[in-house]
Student: 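Here it is: the structure, laid out below.
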Amino acid sequence: RKEAIEMAEEVKNTEAKKPAKKKVSPGVLALRKVVDDVYEQAREAKKRGEPVGWSSSKFPCELAEAFDLKVVYPENQAAGIAANRDGEMLCQAAEDMGYDNDICGYTRISLAYAEGFRVGRKFDPATGEFIINPASGKPLKDENGNVVIDPETGKPKKDPKTQVPYEELVNINEIEALPDGPEKEMRLKALKPIRQNLMPMPDFVLCCNNICNCMTKWYENIARIHNIPLIMIDIPYNNDVEVDDSKVKYVRAQFDAAIKQLEQISGKKFDEKKFEQACANANRSATAWLKVCDYLQYKPAPMSGFDLFNHMADIVTARGKVETAEAFEQLARDLEENVKEGTTTLPFPEKKRIMFEGIPCWPKLPQLFKPLKENGINVTAVVYAPAFGFVYKDMDGMARAYYKAPNSVCIEQGVAGRCLERGHLPRQQGRRRSGALQPLLQAVVRLYGRDAETLYEGPRCSDRRL
């Protein structure tokens, strides 16, 4: 649409005005392009009248890839909206729709967006000019870098270049229902120019409940709002370390049912070769992703642990694409170079190292990052990020891999996974650390069984890391 094109241009122009950032690595640039391409291709598919899906982050992406279907991810979008400080308004919109305020913030943001709610900028209908919020913006500084004080108020003056309009909640459905004309054009122009507002509406939804229980009702409601098909993959809680054959059979049957539904949605027959290629791409991406995660084990680490939170969007959005695998492999090479050169993406000297459980509060990242920076603390173990590393060899292995997600694993696996993240002591001066770690790793192997032998003997436990 014309409006979407205009908003996309405004997003680009807005980002172009931001101050120049430090040089980024080839791997990071490649990953940014991968994600941008996924969403651009989804928008183009929507314009052509092709079905576009919304998917939960741990739904088996390989299935949709086999049909060349374009899929986008509400969890990533909700995190982006929250990081842009718009989450509170959309959460309130969802609560006004009747959803409880104690359910997931991602869910409330997504359900409000699905109903058409957006954050817009207030403007004067008579002049078409945005109404600037006088409390916004940074302090104005003179040519010497000193803050300029307003003689009348005794308070710092605001830099007009950094001030922004008041914001309000609007509904895109109501705007699009208006007759063509100046009012409609202005209201479309007033939508906040962030890329998350460009995500196309769904024609089908893909849900897997292996990441959280909230997923099921979240995606059911999206399907009801748009009256569209819901494809559900149920991964029950597993009380055992191993995933037995009966559970594999249960999930395999759901894969078969999902394939039939996707054939109906896409109008295409299942392509075994495309599916095999998607699986190969997903495995390659996951392997490279886990290798990237492992670089936090060096001391000092060649990156900030917060980098992994940013790259989670990449592994979620496109892990079934060969471009993603290539980009993560490039990022691993970039980090290896950092290790050799003694450089890091961490913007301060690393003095202490901690493990981060869960995901950050996206609107409050500065408040979280500031005390860590002040105390020289780097996040060098992230529990959430490696959980997207689904590696397997065949269809049964694929079913077992998707069982090993946070909402499905028993406490023994949960503890073992955290031990893997915390227990890998990084190398120092090229020498192996104390043998005290050996019993822990052997316990992990016992917990995970034969599949863990690769972890124990392979790259995640190699001499260069210990």
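This one's a predicted model, so the numbers in the text were calculated from it and none came from an experiment.
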Student: Is the shortest side-chain N to carboxylate O distance from D86 to R118 below 4.0 Å?
Tutor: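 So D86 does not pair with R118 through a salt bridge.
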Student: Distance check, rounded to the nearest 0.5 Å: I211 atom CD1 versus I235 atom CD1?
Tutor: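 Here the rounded value is 12.5 Å.
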Student: Write down the atom of F204, the atom of K70, and the distance for their closest heavy-atom approach.
Tutor: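 Answer, listing the atom of F204 first, then K70: CZ-O, 4.5 Å.
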Student: Rounded to the nearest 0.5 Å, what separation is found between the CZ atom of F59 and the CG atom of L206?
Tutor: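 It comes to 4.5 Å.
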Student: List the atom of A64, the atom of V71, and the distance in Å for their closest heavy-atom pair.
Tutor: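 Result for this residue pair: CB-CG2, 3.9 Å.
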Student: One thing to verify: whether R284 and E329 come together as a salt bridge, which I'm taking to mean a side-chain N less than 4.0 angstrom from a carboxylate O.
Tutor: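 Counted as a salt bridge, because a side-chain N and a carboxylate O are separated by less than 4.0 Å.
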Student: For T343 and N338, does a side-chain donor sit closer than 3.5 Å to a side-chain acceptor?
Tutor: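 On atom types as modelled, these side chains qualify, holding a pair under 3.5 Å.
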Student: Looking at every heavy atom in both I109 and A82, which two are closest together, and how far apart are they?
Tutor: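 Heavy-atom minimum between the residues: CD1-CB, 4.3 Å.
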Student: With no hydrogens and no angle check, do the side chains of W218 and Y99 hold a donor and an acceptor under 3.5 Å apart?
Tutor: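 No, Y99 and W218 have no side-chain donor paired with an acceptor closer than 3.5 Å.
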Student: To check you understand the geometry: which heavy-atom pair defines the closest contact between Y402 and C61, and what is its length?
Tutor: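 It is OH-N, 3.8 Å.
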Student: Looking at R333 and E336, is there a salt bridge between them, counting it only when a charged N and a carboxylate O are closer than 4.0 Å?
Tutor: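 Here E336 does not pair with R333 in a salt bridge, since their nearest N and O are not under 4.0 Å apart.
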Student: Could you go through the side chain to side chain contact (heavy atoms under 4.5 Å, CB included) check for K189 and F123 one step at a time?
Tutor: CA-CA 10 Å; K189 183 181 178 182; F123 65 95; over 6 Å; no
Student: Would one find more than 12 heavy atoms of other residues, nucleotides or ligands at under 6.0 Å from atom NZ of K268?
Tutor: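 More than 12 within 6.0 Å, yes.
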Student: Please report the shortest heavy-atom distance between M303 and L308, naming the atom on each side.
Tutor: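 Nearest heavy atoms, M303 then L308: CE-CD2, 3.9 Å.
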Student: Would you name the heavy atoms of L296 and V379 that are closest together and state the gap between them?
Tutor: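 In terms of heavy atoms, the two residues are closest at CD2-O, 3.7 Å.
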Student: Is it true that E50 and R48 make a salt bridge, defined as a side-chain N closer than 4.0 Å to a carboxylate O?
Tutor: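 Yes.
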Student: Rounded to the nearest 0.5 Å, what separation is found between the OG1 atom of T324 and the CZ atom of R319?
Tutor: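 One gets 10.0 Å once the value is rounded to the nearest 0.5 Å.
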